[in-house]
Amino acid sequence: MDAIARPAVLALRSLSLAYFVQATGALSVVGSLAAIAAEWGLSDAQTALLITVFGVTFALAAPLLQVAFGHLPRRRQVLIGLAVFSSAALAFAVAPDYRALLAARVAMGLGAALIGPVLGALAAGLVEPRQQGSAIAMVLLGLSMAGLVGMPLSAWMAQAWGARPLFVAVAAAGLLTALLIRLAVPAQAGGQAISLTTLGRVLTDAVLLPAYLVVFFIAAGAYTTYAFIAPIIRDVFHGSAQTVSAGMAVLGVAGVLGNLFVVRAARRYSADAMLLAGMGLLALDLLLLLLAPPTLALLFGMLLLWAFATDIIWPSQQRRIVELSAELRGVALAVTASFVFAGIAFGSALAGLLYARYGYHANLLGSLGLLLLALAFLALSARRAQMPGWPHAAD
């Protein structure tokens with residue numbers, strides 16, 4: 001495959017930074033549960049709800065915002081989203097009480113709903129069709145870097161300085177990223193105008209609907225355990241706040257390795273094959289965590305495998321949706337992002353319920369069960385895509 005041109009690489013890296021800022025701001029709550037709880041006097045369940053409310057907002061808003069603003073150039077959508085996201089992060093930092101925190105997380109979800117779904121489509125439009133898998137993986141490297149740098153740094157900042165300075169930093173990073181994208185990503189014509197009818201067709205497509213459910217159940221399965229990783233490290237593995245930061249760093253290192261692997265492997269293997277490999281590794285990791293004794297050495301090894309697996313999964317599922325939806329990839333990726341964050345919201349809520357009532361092993365079993373549902377819907381989607389006469393979503 002031909003290498004991606006240098007100007008496109010610079011543009012893709014700036015979009016990757018936008019993913020980094022969004023993921024760090026969205027998920028920094030995971031690593032700073034204790035600091036947020038201490039600052040505002042909240043329980044673990046209340047802080048976990050800050051993850052859930054973000055996910056629900058994102059899930060509902062992403063496709064509807066594409067209907068409202070999908071006609072705008074995609075770069076402009078990202079810039080507006082970053083402005084809203086950054087303003088909301090600042091509002092979180094100065095929030096006087098829990099209600100204000102929830103409102104700020106809703107606003108962050110709205111901003112992210114304009115950023116996340118557009119980045120993959122924007123990346124795919126910057127390169128030749130044969131380079132789209134690598135371009136999407138390159139942009140999603142920002143998600144991996146959020147694990148390597150953003151989340152451990154956010155956990156450390158929250159512990160050392162408090163939760164409020166953390167979200168001031170998120171706001172500043174968002175505004176700086178918007179400036180970089182304005183300079184590095186070329187201006188484009190208007191985006192794709194989306195009607196509610198088109199949205200309904202993309203939502204109910206016989207192949208795409210089970211593909212979205214694959215994404216939902218993978219995200220739900222991952223977050224049924226991952227949303228409570230900080231309390232799990234504290235209670236089950238008897239780790240300190242520094243251990244949580246170290247665990248986030250381990251996730252990030254392995255995530256970057258997984259993403260670099262995907263950038264190259266996407267040139268040789270199908271999205272379905274990559275997705276199956278990632279799901280298999282994640283299921284193996286959950287089984288090992290379920291059966292092995294809870295030691296910190298084991299935990300760090302399992303976090304390495306976890307991050308490597310999930311960083312194979314996320315770009316592969318986006319690539320699969322792009323290939324299935326063709327010209328409607330913009331709205332299809334928005335719907336995909338909705339299902340991802342709906343899964344995160346569902347998994348985070350389930351994580352709190354299972355952990356409080358039944359303990360750590362119930363979280364792992366819940367994650368495994370949801371991954372099995374994802375596998376079933378992947379098989380259904382793949383089978384339907386091979387049926388003769390299947391009407392492509394773009395037709």
Side-chain angles (χ1 to χ4, degrees), residues 20-55 57 85-109 111-112 143 145-174 223 225-252 296 299-300 303 307 344-345 347-349 351-352 355-356 360 363:
F20 170 84
V21 171
Q22 179 200 303
T24 299
L27 301 177
S28 56
V29 173
V30 173
S32 55
L33 283 174
I36 292 173
E39 180 68 35
W40 282 278
L42 308 178
S43 66
D44 283 345
Q46 285 177 309
T47 49
L49 185 59
L50 295 173
I51 305 172
T52 300
V53 74
F54 180 97
T57 300
F85 186 82
S86 300
S87 300
L90 187 59
F92 190 100
V94 300
D97 54 32
Y98 186 55
R99 289 184 180 181
L101 287 176
L102 289 173
R105 288 295 283 177
V106 168
M108 288 181 75
L143 192 60
M145 291 304 294
L148 174 62
V149 178
M151 292 187 67
L153 181 60
S154 66
W156 176 81
M157 285 184 64
Q159 178 201 353
W161 299 343
R164 295 183 190 272
L166 166 62
F167 283 89
V168 171
V170 169
Y223 275 82
T225 296
Y226 182 66
F228 262 55
I229 191 66
I232 286 170
I233 290 174
R234 178 193 67 203
D235 300 337
V236 178
F237 293 88
H238 308 293
S240 64
Q242 289 82 3
T243 307
V244 174
S245 296
M248 297 293 177
V250 168
L251 280 167
L296 283 176
L299 174 67
F300 285 125
L303 288 177
I344 289 174
S348 299
Y355 190 71
Y360 161 65
N363 291 74

query = Is there a side-chain contact (heavy atoms from CB on, under 4.5 Å) between L303 and Y226 once you walk through the steps?
reply = CA-CA 10 Å; L303 288 177; Y226 182 66; over 6 Å; no
If you take all heavy atoms of [X] and [Y], which pair is closest and at what distance?
X: A349; Y: T52; result: N-OG1, 3.7 Å
X: V168; Y: A93; result: CG2-CB, 3.6 Å
X: F167; Y: S28; result: CZ-OG, 3.5 Å
X: V106; Y: T57; result: O-CG2, 3.2 Å
X: S154; Y: L166; result: CB-CD1, 3.3 Å
X: Y355; Y: Y360; result: CD1-N, 3.9 Å

query = With no hydrogens and no angle check, is any side-chain donor or acceptor of W40 less than 3.5 Å from a backbone partner on A95?
reply = yes
ask   = Is a side-chain N or O of R105 found less than 3.5 angstrom from the main chain of A88, in a donor-acceptor match?
value = no
inquiry  = Among residues at least two apart in sequence or on other chains, which ones pass side chain to side chain donor-acceptor pair (under 3.5 Å) with S86?
reply    = none
ask   = Given L101 and L42, is the side-chain contact (heavy atoms from CB on, under 4.5 Å) satisfied, shown in steps?
value = CA-CA 11 Å; L101 287 176; L42 308 178; 4.0 Å; yes
query = CZ of R164 to CD1 of I36: how many Å apart, nearest 0.5 Å?
reply = 11.0 Å
task = Go through the steps for F92 and V170 under the test side-chain contact (heavy atoms from CB on, under 4.5 Å), then give the verdict.
result = CA-CA 10 Å; F92 190 100; V170 169; over 6 Å; no
key: Check against side-chain contact (heavy atoms from CB on, under 4.5 Å), F237 and I232   = CA-CA 7 Å; F237 293 88; I232 286 170; 3.8 Å; yes
